[in-house]
Amino acid sequence: MSHDPLASGPQLGDADQLVQLGFDSAWSASFDATDTITVPGAPAFPARVTRTDRGACDTLGAAGPVRATWGADVVAAVADDPQAVPSTGDWVRLQTWPDGNHTIEAVLPRRTSVVRAQVGGTSSGQVLAANVDTVAVVEALYPDPDLGRIERFMALAWESGAQPRLVLTKGDLGSDAAELAAEIGAQVAAGCPVDVTVAQDGEGLEGLRALLADGATVALLGASGVGKSTLLNALLGREAMRTQALGAVQKGRHTTVTRELHLGPDGGAVIDTPGLRSVGLQGTDGLAEVFADVDELAQECRFHDCAHDTEPGCAVRAAIESGDLAERRLVSWQKLQREAAYQARRVDARLRQAELAVWKQRTMEYRRSVKDGHRPR
Ligand SMILES: Nc1nc2c(ncn2[C@@H]2O[C@H](COP(=O)(O)OP(=O)(O)OP(=O)(O)O)[C@@H](O)[C@H]2O)c(=O)[nH]1
Ligand SMILES: [Mg+2]
Ligand SMILES: [Zn+2]
């Protein structure tokens, strides 16, 4: 089903369009810094990853779409650090080989990365998107927006280094969209732009369109069925991605299954992602932003290690009692903090393991060199 031919997008053919994808002088310098790995007689050029598979990627550059496999250096880097895997949105150095094949020889250092903790799996996070300027957290206004989910995605957005933004879709399905959106924005997205969209008539897309026209990369994150791909199509003005059939029963079914970067109609890029039921957080910096109000109150508690439970002089409890703070906010904050702290400990443990491995390796090399009668360097 996902292999049905889709309307094809604009094809790149010149350097101008590399710029439209976001390539600037700093990326150019970063690309030049990788020229130590140039292979004589094999031309290298910069390109942006639009889609990934295990060991290979679709990329877009000045010469148009190019399929490339990982070069040896990339394979080695990934073995060392799973987050080094070429990811959607990455700028890479591509090498053309005499047989016409292409390899990714380097991933240019990322400016931002949206990383989710892998629940249950490895302790290393998964890069959902790289070099994103704005993370648009997408949630449907109707039937019932999930505030906890928005908070979680907003924290991930802050953590990424990109600018967070809240997009509330399906504004046509109720009569109080504007008020509801204002309330949600104030509760869980203070200080962030909030859009209310109606995909069918292109309502509420001005803000996102302006970002794209500026050459920005926007990633759409949110649960399945909230309307991310519909939003992407509306922004691009074409059927770039398949969307759920209207009114279809799609319980547990995800329409979008890959993360894909698309060039905007006037430049800029949009990254559509498969619906995520939940994302694990890797750090607490994002939480401090999303829960700045609770954080501020907590600073006023009498005890600095107040659990905001039954302690005397608890400013958080007082705000809940007076109705200034929704209790849900405190519960959500504490839950996400516990989770992020747990994740941080796992990452620490992994780093300690890696350090230990390096020392073991050195000790072995030392012993070997002594045995061979060489003095260690
Ligand atoms: N009424 C209304 N329906 C919308 C709107 N935006 C999206 N939809 C519908 O919502 C359903 C889900 O849309 P998709 O764009 O496929 O959702 P998605 O977030 O991409 O879902 P996944 O790919 O599974 O993550 C489709 O039936 C859309 O037609 C909107 O603004 N108003
Ligand atoms: Mg989709
Ligand atoms: Zn307290």
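Heavy-atom basis, side chains included; hydrogens, waters and symmetry copies ignored. Numbering of ligands and ligand atoms starts at 1, following listing order.
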Counting both backbone and side chain atoms, is some N or O of Gln200 under 3.5 Å from an N or O of ligand 1? yes
Give yes if a backbone or side-chain nitrogen or oxygen of Gly227 is under 3.5 Å from a nitrogen or oxygen of ligand 1, and no if not. yes
Should Arg242 be listed as contacting ligand 1, given a heavy-atom distance under 4.0 Å as the test? no
Short N or O distance, Thr230 and ligand 1, threshold 3.5 Å exclusive: yes
Distance-only donor-acceptor check, side chains Arg165 and Thr134, under 3.5 Å: no
Donor-acceptor check, side chain of Thr273 to backbone of Leu220, threshold 3.5 angstrom: yes or no? yes
Measure from the Zn ion (ligand 3) to every N/O/S atom of His308 and report the name of the nearest one. ND1
Does any N or O in the side chain of Arg116 come within less than 3.5 Å of the main-chain N or O of Gln126, such that one atom is a donor and the other an acceptor? no
State whether the side chain of Arg149 and the backbone N or O of Ala223 hold a donor-acceptor pair below 3.5 Å, judged by distance alone. no
Please check if the side chain of Lys228 supplies one atom and the backbone of Ile271 the other of a donor-acceptor pair under 3.5 Å. no
Look only at the side chain of Arg329 and the backbone of Gln187, and say whether a donor-acceptor pair between them is shorter than 3.5 Å. yes
Taking the Zn ion (ligand 3) as the apex, Cys306 SG and Cys301 SG span an angle, rounded to 10°, of 120°
I'd like to know if the side chain of Asp195 and the backbone of Thr197 have a donor-acceptor N/O pair within less than 3.5 Å. no
Which of the listed options, Asp172, Thr256, Leu141, Val138, holds the heavy atom that is closest to atom 32 (N) of ligand 1? Asp172
Go through ligand 1 atom by atom and flag the ones less than 4.0 Å from a non-hydrogen atom of Gly275. 25 (O)
From CH2 (Trp158) to CD (Gln163), nearest 0.5 Å: 6.0 Å
Within less than 2.8 Å of the Mg ion (ligand 2), any N, O or S from Thr255? no
Quick one: look at Leu231 and ligand 1, take heavy-atom pairs under 4.0 Å, and tell me if it's side chain, backbone, both or neither. neither
Polar side-chain atom of Thr169 near backbone of Val226 as donor-acceptor pair, under 3.5 Å: yes
Before signing off on this row, confirm whether Val198 and ligand 1 have an N or O atom pair separated by under 3.5 Å. no
Side-chain (Asp81) to main-chain (Gln83) donor-acceptor, under 3.5 angstrom: yes
Would Thr243 count as a polar contact of ligand 1, with the cut-off being nitrogen or oxygen pairs under 3.5 Å? no
Nitrogen or oxygen of Lys228 less than 3.5 angstrom from that of ligand 1: yes
Quick check on the Mg ion (ligand 2): does Thr273 put an N/O/S atom closer than 2.8 Å to it? no
Any idea which part of Leu173 is under 4.0 Å from ligand 1, heavy-atom wise: side chain, backbone, both or neither? side chain
